[in-house]
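Numbered from 1 within each chain, the chains take letters A, B, ... in sequence-line order.
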There are 2 protein chains.
Amino acid sequence: MNISIQVSATLYHKDPTSSEIGLKILSEGIQLMQDLGFEAFTFKKLAQNIQSTEATIYRYFENKHYFLLYLINWYWGIISYRLLLATANVTDARQQLTNSIEVLTGLPDASHPGYMEEEMQLKQIVIQESGKALHTKMVDDENQNGIYLNYKSIVSSVAELVKTIDPSFPYPEMLISNLIENANHQRFFSVHLPRLTNTSPEQDAVVAFSHLIIQKVLQS
Amino acid sequence: MNISIQVSATLYHKDPTSSEIGLKILSEGIQLMQDLGFEAFTFKKLAQNIQSTEATIYRYFENKHYFLLYLINWYWGIISYRLLLATANVTDARQQLTNSIEVLTGLPDASHPGYMEEEMQLKQIVIQESGKALHTKMVDDENQNGIYLNYKSIVSSVAELVKTIDPSFPYPEMLISNLIENANHQRFFSVHLPRLTNTSPEQDAVVAFSHLIIQKVLQS
DNA sequence: CATTTGTGATAGTAATACTATTATTTTTGT
DNA sequence: ACAAAAATAATAGTATTACTATCACAAATG
């Protein structure tokens, strides 16, 4: 039984989950994006990997930029779902926030509720490439097309928890978007520029840092 | 009287500050990078803008990726210098940290000491494009070549202040690199995705947020 | 004044990011 | 089971990009 994750339909021409070859584009595409990185990734190479042609892939995705946006959107869709599970049946707002921070800043783990196969790889792609997806001259158009709704609604709903806990705190959205972005940054630093951080792949400190900030900054 | 800002020599073939045309490459290049964004920026277009040829620009810079790295490095060189000025003759570590946070997360202003013409434009480029410079398959090589030394030494020296003020705080580097990155992110959000933040171009809250975090998190 | 060095002009190449065409296969509705 | 519609594979082609190479000329340098 599969849970379907919402990905904005403006991101594709033809739904890749609706066909065999579409699913192959996704699974091989994730792999190739990770292996090559966004700049070296091409539809031609992907087509060779799935024994198909460029033209076929272009029928699903407008270009590789949209393909990346699709993957990132998918990731945030998974996180949305996991947030839902992590806060359901929890009445205390503090506890809801704690659980949410765990989901947003922690590492994927097959044991947690709502885990999906692709989450690990997608997270790697988000860490490595999401800056390139966002920081484009097209952001404003894409935002208008609702492409960042998944992400914005995550920030918005967790910020609501912050407001409930401490209505006097003046920067709820900033706090949450910061913690989310920071988690990804620090994980990147930990691998490539370890002197910029105090976390490491062996001993993860990102979640602890995030909890600490929340705890110190919010009064309740 | 000009203060010379250090930019790592591994970033260029020929020092662009050593000739008329090199300086034109820099000044017009900054402008064009801002106008077009990294992906649409090409050496051909830049060559046309300065009435020269691609070949000439390639004699200064290996490619546009290195050109961007050069600009970012230049920016951090300016910030390094401003940090120096902002902490000189200040004896109290707390005050030094406060001043440093101001420099790192505040907006360029012609009135502050050490201000340079290019700072404003360079900061815009850092906000928009620095993710693309860093999140590359070449980070590790570039790091080995000392390309991030400016940035790393900034984080390191400000983190030292944190350690002086609160030796028990376990994440000094993470705290500082977070505040630096966050400032740029939030400024990007404020323009393009305002619902993710609580700052706006009209009413800047980034510095206040940063001070708040420092104040709440460090014990002294 | 001779030599090195930098520049401009021009040409050329491989790869990328697509678009277009057509024949063939697969799916679908009846 | 069969006709019609849709999806795919194969192939070709185009504009742009990111370079590299060559060479003649000008400027700076020692």
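- Nearest to the side chain of Glu54(A), among dG8(C), dA17(C), dA9(D), sits dA17(C).
- At the heavy-atom level, Tyr60(A) lies under 4.0 Å from the strands shown only through sugar-phosphate atoms.
- You'll find that the side chain of Ser19(A) is closest to dT8(D), out of dA10(D), dT8(D), dA17(C).
- Between the side chain of Lys152(B) and the backbone N or O of Asn143(B) there is no donor-acceptor pair closer than 3.5 Å.
- Closest to the Thr56(A) side chain, of the nucleotides dT8(D), dT20(D), dG8(C), is dT8(D).
- With rounding to whole Å, Lys24(B) atom NZ is found 12 Å from dT7(C) atom P.
- The pair Lys163(B)-Glu173(B) meets the salt-bridge criterion, since a charged nitrogen lies less than 4.0 angstrom from a carboxylate oxygen.
- Rounded to an integer number of Å, the gap from Lys64(A) NZ to dT17(D) P is 14 Å.
- Under the side chain to side chain donor-acceptor pair (under 3.5 Å) rule, Gln186(A) has a single partner from Thr197(A), Asp204(A), Thr199(A), which is Thr197(A).
- Residue Tyr58(B) contributes atom OH, which lies 17 Å from atom C1' of dT7(C) at whole-angstrom precision.
- OP1 or OP2 of dG8(C) sits under 4.0 Å from a side-chain N or O of Ser52(B).
- Where Lys44(A) and Ala55(B) each meet DNA chain C at their nearest nucleotide, the meeting point lying more 5' is that of Ala55(B).
- The distance from atom CD of Gln51(A) to atom P of dA9(D) is 10 Å, rounded to the nearest whole Å.
- A straight line from CD of Gln48(B) to C1' of dA18(D) spans 15 Å, rounded to a whole angstrom.
- Here Lys14(B) lies in heavy-atom contact (under 4.0 Å) with sugar-phosphate atoms only.
- Axis deviation across the helix from dC1(C)-dG30(D) to dT30(C)-dA1(D) amounts to 30°, comparing end segments of five pairs, rounded to 10 degrees.
- Regarding Glu62(B), its CD atom lies at a distance of 12 Å from the C1' atom of dA18(D), rounded to whole Å.
- Nearest-nucleotide positions on DNA chain C place Glu20(B) closer to the 5' end than the other of Thr42(A) and Glu20(B).
- Rounded to an integer number of Å, the gap from Arg59(B) CZ to dA21(D) P is 12 Å.
- Electrostatic pairing of Glu39(B) and Lys132(B) counts as a salt bridge here, judged by a charged N lying under 4.0 Å from a carboxylate O.
- Remark: P of dA15(C) and NZ of Lys45(A) are 10 Å apart, rounded to the nearest angstrom.
- Scanning both residues, His185(B) and Glu181(A), for their nearest heavy atoms gives NE2-OE1, 3.3 Å.
- At the heavy-atom level, Phe43(B) lies nowhere under 4.0 Å from the strands shown.
- Annotation for Pro108(B) and Lys123(B): closest pair CD-CD, 3.4 Å, computed over non-hydrogen atoms.
- Under the 30°/60° scheme for interplanar angles, the aromatic rings of Phe189(A) and Tyr151(B) are found to be tilted.
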